[in-house]
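Structure first, commentary second.
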Amino acid sequence: MSACVPARADSARTKHVHPPHSPPPHGPRRFRVAGADVSAAIAVFLIALPLSLGIALATGAPLQAGLVAAAVGGIVAGRIGGCPLQVSGPAAGLTVVTADLIQHYGWRTTCAITVFAGIAQLGLGCLRVARSALAVSPAIVHGMLAGIGVTIAVAQLHIVLGGTPQSSVPDNLVALPAQLANLHPADLAVSVLTLTLLLLWPCIPGRAGQALGKLPAALIAVAGATAVAALTGLRLPKVDLPSWSSHALASLPDGPVLGLVAAVLTTTLVCSVQSLLGAVAVDKLVAARPSLTGRVKRSDLDRELLGQGAANIVSGSLGGLPIAGVAVRSSANVAAGAVSRNSTMLHGVLVVIAALLMVPALELIPLASLAALVMAVGLKMVSLNHIRTVTRHREVLVYAVTTCGVVFLGVLEGVALGIAVAVGVALHRLTRTRITHDETEGVHHVHVRGQLTFLAVPRLSRVLHQVPHGADAVVELDGSFMDHAAYETLQDWQKTHTAQGGSVDITGRRPGTRISEPAEEDGCRCRPWTPWRNHQCERPPTAPPRGTAGRSATDGSPAGNLGTATGPNTPGTRDATGATGGSGAPDGPTGHELARGISAFHRNTGPLMRRELARLAREGQQPSQLFLTCADSRVVTSMITSSGPGDLFVVRNVGNFVPLPGEESGDDSVAAAIEYAVDVLKVRSITVCGHSGCGAMQALLAAEPGAARTPLQRWLRHGLPSLERALPDVDVDGNEQEHKRGAGRARPRLAGRGAADTAERLCLANVVQQLEHLRAHDSVARALGAGDLELHGMYFHVGEAQSYLLSEDAEGSVFELVRETNLTA
């Protein structure tokens with residue numbers, strides 16, 4: 001022990017000895033800001049400056065309060081917050097709340113309420129409840145923002161027309177006709193010019209538009225309107241920034257305690273929800289930028305609450321507006337290339353410099369221009385995309401009620417009303433179950449659509465008793481939940497109906513239900529895409545099924561007793577000895593698994609696909625693609641392309657080869673499939689798909705020249721050109737001409753990384769080579785010449801479950817990873 005541990009004196013002495021042959025020790029690391037953060041900070045600053053003044057104007061607060069909030073949000077929230085690239089400051093979503101507080105309690109008390117809201121956010125962050133805020137329905141959040149946007153737009157319309165807004169939306173609407181009759185042309189002209197520049201600036205075409213588009217439209221609109229007003233000498237109300245020495249700070253709150261508590265809760269709720277949702281949105285924007293992978297961590301929502309709380313405490317103490325994460329500035333920060341929280345903090349520093357040194361320039365801005373800018377922001381908060389989304393998810397009622405509640409009652413009241421309606425809609429969906437009965441060709445169908453709870457038991461029992469004794473019945477369950485009362489009702493009726501000579505087949509989707517009684521004992525549950533041998537949930541041969549003799553073991557019921565009641569020795573069932581009965585199911589475990597799989601299709605998938613398959617049977621196949629891939633069992637074409645019946649015309653063979661036409665060892669089956677797909681089915685594209693770990697490629701690499709020609713080795717000869725393309729230095733059977741033909745071509749590669757091994761390099765080259773073979777077929781060449789056909793190369797990595805599409809660049813063929821895209825946007 002003593003030989004391994006140095007003495008204390010030696011340790012102290014050697015600690016300061018500089019190791020030989022190494023650079024001298026560095027001093028303390030200096031703070032550095034990346035160039036990308038500097039440019040992003042400038043872009044965000046140019047957006048934040050006019051918006052902060054406009055939001056302060058819309059709330060009725062001192063205009064300097066907007067600059068204070070923007071600076072504090074950038075510096076404090078940017079430094080402490082858990083979302084590095086989110087930009088915080090005065091947000092349009094807080095305008096209505098803040099305006100209402102100023103009207104009822106005055107500005108100084110509003111600042112105190114902001115401080116207490118920040119303290120409440122600190123408490124919530126310490127309790128780590130940030131994730132629970134995301135449980136609020138998006139329809140409520142979007143409805144709240146839409147209601148706030150409508151309120152902002154209606155109020156700012158009066159300033160645009162040269163008047164003064166009222167305290168509520170109804171009052172503003174009532175006063176609007178009189179305001180239209182007494183409008184001020186100068187204010188209206190400046191506002192129209194601001195809106196025109198705001199709308200047209202992003203639409204400038206050509207290279208000039210690309211260059212000028214880097215300047216934010218909000219800055220250009222306000223600066224342009226200010227310049228025109230100054231040059232024409234228009235007399236308009238303008239920004240008035242009083243001296244910082246007379247800036248109003250927070251004071252002790254004065255008012256009824258319950259009202260103040262409600263005000264603090266409202267401010268805390270709106271600030272927190274908007275900031276947390278903004279952080280989640282920023283995470284999605286960051287994920288779409290591969291360059292930020294590993295550099296920017298995912299948001300820590302609890303830390304983000306702490307940062308927002310600290311920023312609100314500082315902002316309220318310094319006489320600033322309430323602070324929250326701002327979507328417009330955050331998205332601009334990410335789009336401008338920010339790589340760290342330094343961009344957010346630097347933007348706050350720039351706001352401080354502007355507030356101290358640019359006061360004369362800021363006081364030239366017309367209030368009508370700022371009002372037009374904020375009105376446009378309010379209108380954008382009513383998003384048509386959000387309306388389409390909530391309509392598609394059948395939550396438009398929640399959205400509409402929340403919006404109207406915020407507009408006519410207030411933010412807190414509107415959100416509470418929206419939550420109540422959302423809960424009511426959820427309960428209605430849970431209890432709303434449609435149960436129908438019809439007869440088709442002597443078979444009685446009972447269709448249950450929705451969740452089966454005790455509330456639906458009376459209707460279920462009434463409909464089940466409409467099925468005559470001894471009749472064949474099919475009960476289709478289209479829902480994901482069945483409680484104990486409904487299960488017992490269905491089971492008792494099944495036993496009774498079967499005892500009276502009838503048959504019962506229960507079908508439907510019930511994710512997560514137990515498949516059989518032994519599975520119930522063992523805790524086995526069938527899950528999608530599990531290995532076939534594991535998801536059959538077989539009964540032990542020595543344990544005959546309880547209940548009706550001969551019942552299918554995989555009956556799909558919640559507890560294993562709800563299945564197809566059949567007679568003994570029915571295909572796919574077992575008799576008391578455990579042997580497979582009937583001539584329809586092959587002997588042995590493999591045949592039994594096949595029969596069980598077919599039975600599961602008939603029970604679960606068949607009823608769901610019957611209409612679609614019947615339509616395809618009537619209309620014939622009309623696929624849009626020919627998909628030529630390997631026969632490997634791990635390549636499931638419908639899964640990796642998210643396609644369904646009738647979408648793909650699939651040709652599979654060992655190695656996904658396309659033999660050249662006319663060769664002595666050619667293969668007419670592949671050529672016939674290609675000709676049929678192109679000339680008869682009129683497919684619009686052909687995809688050749690290779691995959692990782694391909695056994696054909698490994699066999700091709702391991703093949704020895706001169707060995708006995710088995711059928712597999714004769715087939716692998718179609719891959720020799722691929723071998724030459726992947727390994728141009730390899731001579732194949734002494735064929736010098738083919739060797740030269742493959743030597744000058746660049747090897748196909750994967751974007752972002754090299755090939756894992758020689759086999760993967762050969763898989764990539766094989767896809768490119770088979771595409772060349774495709775072009776040699778007459779039918780393909782004709783369709784390509786007419787512009788009716790496209791060819792695609794694809795590589796599927798089995799272990800990563802990721803697909804790569806072939807593209808061409810300056811260096812040759814490259815397979816690009818297919819990124820996730822937002823198909824609903």
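Predicted model, so just to flag it, every value in this text is computed and none were measured.
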*Any side-chain heavy-atom pair of I686 and Q625 under 4.5 Å*: no
*Approximate separation, where rounding is to 0.5 Å, of L762 CG and L700 CG*: 5.5 Å
_Residue pair T629 / N656, side-chain donor-acceptor N/O under 3.5 Å_ = no
*Above 12 or not: heavy atoms from other molecules or residues under 6.0 Å from CZ of R207?*
no
*Taking the side chain as every heavy atom from C-beta outward, state whether I435 and H447 have any atom pair closer than 4.5 Å.*
no
*Does R652 have any salt bridge (charged side-chain N to carboxylate O under 4.0 Å, His left out) partners at least two apart in sequence or in another chain, and if so, which?*
none
*State whether the side chain of N766 and the backbone N or O of M697 hold a donor-acceptor pair below 3.5 Å, judged by distance alone.*
no
*Counting only heavy atoms not in R634, do more than 12 sit closer than 6.0 Å to its CZ atom?*
yes
*asked:* Give me the atom names and distance for the closest heavy-atom approach of P748 to A765.
replied: CG-CA, 3.8 Å
*Might you point out which heavy atoms bring L648 and S643 nearest each other, and give the distance in Å?*
CD1-OG, 3.4 Å
*Would you sort out whether L806 and M794 count as a side chain to side chain contact (heavy atoms under 4.5 Å, CB included), showing the intermediate values?*
CA-CA 6 Å; L806 178 64; M794 177 177 166; over 6 Å; no
*Does the side chain of L594 come within less than 4.5 Å of I598's, by heavy atoms?*
yes
*asked:* To the nearest 0.5 Å, what is the distance between OH on Y804 and CG on L750?
replied: 5.5 Å
_Can a donor-acceptor pair be found, under 3.5 Å and without considering hydrogens, that links the side chain of D679 to the backbone of Y676?_
no
*Decide yes or no for V768 and R725: does some side-chain heavy atom of the first lie under 4.5 Å from some side-chain heavy atom of the second?*
yes
_Do V780 and L789 have side chains that approach each other closer than 4.5 Å (heavy atoms only, starting at C-beta)?_
yes
*Please examine the side chains of V467 and H497, heavy atoms only from C-beta on, and report whether any two atoms are closer than 4.5 Å.*
yes
*S599 side chain vs A595 backbone, donor-acceptor pair below 3.5 Å*: no
*Considering residues at least two apart in sequence or located in another chain, which fulfil the ring pair (Phe, Tyr, Trp, His ring centres under 6.0 Å) criterion with H773?*
none
*Is a side-chain donor or acceptor of S624 paired with a backbone partner of V683 at a separation under 3.5 angstrom?*
no
_Parallel, tilted or perpendicular, judged at 30° and 60°: which one describes the rings of H444 and H437?_
parallel
*What closest approach, in Å, do A699 and L716 show between heavy atoms, and which atom pair accounts for it?*
CB-CD1, 3.7 Å
*Minimum heavy-atom distance between S803 and L817, given as atom pair plus value*: O-CD1, 3.5 Å
*Does E760 come within less than 4.0 Å of R753, counting only side-chain N to carboxylate O?*
yes
_Under a 3.5 Å threshold, yes or no: a donor from one side chain and an acceptor from the other, between Q770 and S722?_
yes
*Identify, with sequence neighbours excluded, every residue that meets ring pair (Phe, Tyr, Trp, His ring centres under 6.0 Å) alongside F657.*
W715
_In the structure I gave you, are the side-chain heavy atoms of V658 and H718 within less than 4.5 Å of one another anywhere?_
no
*H797 (side chain) donor-acceptor with E800 (main chain) under 3.5 angstrom*: yes
*asked:* Is there a side-chain contact between S692 and Y795 in this structure, where contact means two heavy atoms from C-beta onward sitting under 4.5 Å apart?
replied: yes
*Minimum heavy-atom separation for P645 to L613, with atom names?*
CB-CD2, 4.0 Å
*Is atom CZ of R615 surrounded by more than 12 heavy atoms (other residues, nucleotides or ligands) closer than 6.0 Å?*
yes
*In Å, rounded to the nearest 0.5 Å, how long is the span from CD of Q769 to CG of L660?*
7.5 Å
